[in-house]
Amino acid sequence: VTKAFGEFAAISDVSLVIPEGALVALLGPSGSGKTTLLRVIAGLEQAQAGRVRLAGIDVTDAPVQRRGIGFVFQDYALFEHMSVADNIAFGLAVQRESAHRIDARVRELLDLVQLRDVGARAPRELSGGQRQRVAIARALGSDPEALLADEPVSMLDVSIRLGVLNLLRDLKERFNLAILYITHDIASARYFADHTLVMYAGRMVEGGDSETVTQAPAHPYTRLLIGSAPDPDRLTGDLTDVQDQGNGEPPSLIHPPAGCRFHPRCPMAMARCTTDLPVQIEIGDGPGHWAACWLYDEETVRRQRPGSAVAALNGRGAAK
């Protein structure tokens with residue numbers, strides 16, 4: 001899909017598959033297009049090009065409430081003038097469910113997120129973790145096949161993030177949900193996500209199983225991202241407060257550079273990187289691991305010499 005706001009190209013030709021029953025993490029710097037991508041999938045934004053399919057059915061033009069996709073916002077987005085139960089019931093009422101069905105479903109969802117006795121309370125009476133559980137319950141109200149979560153734990157204390165992440169994983173396994181969630185926390189991507197994707201300047205640059213992407217990143221930007229964490233060996237760093245250590249600043253998405261959008265800052269850039277848009281190339285060192293980087297092109301690998309810039313990738317990736 002492609003989505004622009006005027007001249008600002010938020011996402012450009014982004015393609016991805018979220019497997020049924022899989023939890024997929026989406027990493028990337030602020031402004032890389034992660035939230036816009038989720039909003040296009042959910043139907044909150046309309047793409048200029050591309051299609052969105054759910055279980056093989058085209059839902060590109062379907063209204064939000066008919067897509068079978070739930071959305072969990074970073075800031076909970078609860079109605080403060082409504083009770084917890086009414087917040088969860090709101091979507092069901094829009095779909096014109098019967099009052100009996102709504103009451104039963106709300107009780108079921110509150111049990112599911114371990115908040116059985118809070119239905120009559122106002123959201124302001126709950127902790128941040130409880131509010132996010134209410135938001136998750138609301139997103140599950142219509143029995144979605146996919147769940148989108150935009151930094152669902154970033155506003156929570158570190159001590160309660162684990163409980164919400166465990167809840168998401170349990171829900172995925174119980175209902176065979178496909179979950180795509182944005183995170184800046186490398187540790188949660190590694191330990192909770194089955195797959196990890198990395199975005200930069202509106203494009204996907206790397207993807208694969210989470211262990212491989214976080215432990216053996218292939219794309220130069222992913223390596224920079226992982227290496228910028230305060231404690232990369234233990235992967236406990238939250239990247240929201242980390243200064244990007246690359247050369248220069250991320251490119252303008254009004255006038256993006258030709259070729260690879262990371263090439264102006266990439267220490268491994270070659271002449272081809274400045275003109276040709278990289279394609280996804282299989283790396284082969286992990287299940288489904290790929291990178292959109294010319295360093296892994298067969299011709300580049302054949303031409304590399306010991307000690308060259310390509311071989312300098314710690315003896316991995318292209319050298320393999």
Does atom [atom1] of [X] have more than 12 heavy-atom neighbours, drawn from other residues, nucleotides or ligands, at distances under 6.0 Å?
X	atom1	answer
Gln48	CD	yes
Glu80	CD	yes
Phe90	CZ	no

State, with a plain yes or no, whether a side-chain heavy atom of [X] is found less than 4.5 Å away from one of [Y].
X	Y	answer
Val134	Tyr76	no
Leu16	Leu37	yes
Arg107	Arg116	no
Leu26	Leu38	yes
Tyr191	Leu165	no
Leu110	Arg133	no

Inset, instruction - Please report the shortest heavy-atom distance between Ala89 and Val106, naming the atom on each side. - result: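 Smallest heavy-atom distance, with atoms named: CB-CG2, 3.9 Å.
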Legend entry - Over all atoms of both residues, closest heavy-atom pair of Asp194 and Ala22: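 Closest heavy-atom pair between Asp194 and Ala22: OD2-CA, 3.4 Å.
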Please check: side-chain N/O of [X] versus main-chain N/O of [Y], any donor-acceptor pairing under 3.5 Å?
X	Y	answer
Ser12	Gly202	no
Arg67	Pro144	no
Arg161	Val153	yes
Thr275	Gly259	no
Asp157	Ile160	no

Inset, instruction - Answer yes when Arg272 and Asp276 have at least one side-chain N-carboxylate O distance shorter than 4.0 Å, and no when they do not. - result: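 Between Asp276 and Arg272 there is a salt bridge, with a charged N closer than 4.0 Å to a carboxylate O.
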Legend entry - Side-chain ion pair, Asp61 and Arg51, N-O less than 4.0 Å: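 Counted as a salt bridge, because a side-chain N and a carboxylate O are separated by less than 4.0 Å.
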Legend entry - Tyr200 and its side-chain hydrogen bond (donor to acceptor under 3.5 Å, both in side chains) partner, picked from Glu206, Arg265, His219: Arg265
Legend entry - For Val84, the option from Ile88, Asn87, Asp86 that meets side chain to side chain contact (heavy atoms under 4.5 Å, CB included): Ile88
Inset, instruction - Look at the rings of Phe8 and Phe5 and say which category their plane angle falls in: under 30° parallel, 30 to 60° tilted, over 60° perpendicular. - result: tilted
Legend entry - Working for side chain to side chain donor-acceptor pair (under 3.5 Å), residues Thr183 and Asp185: CA-CA 5 Å; Thr183 181; Asp185 182 5; 5.3 Å; no
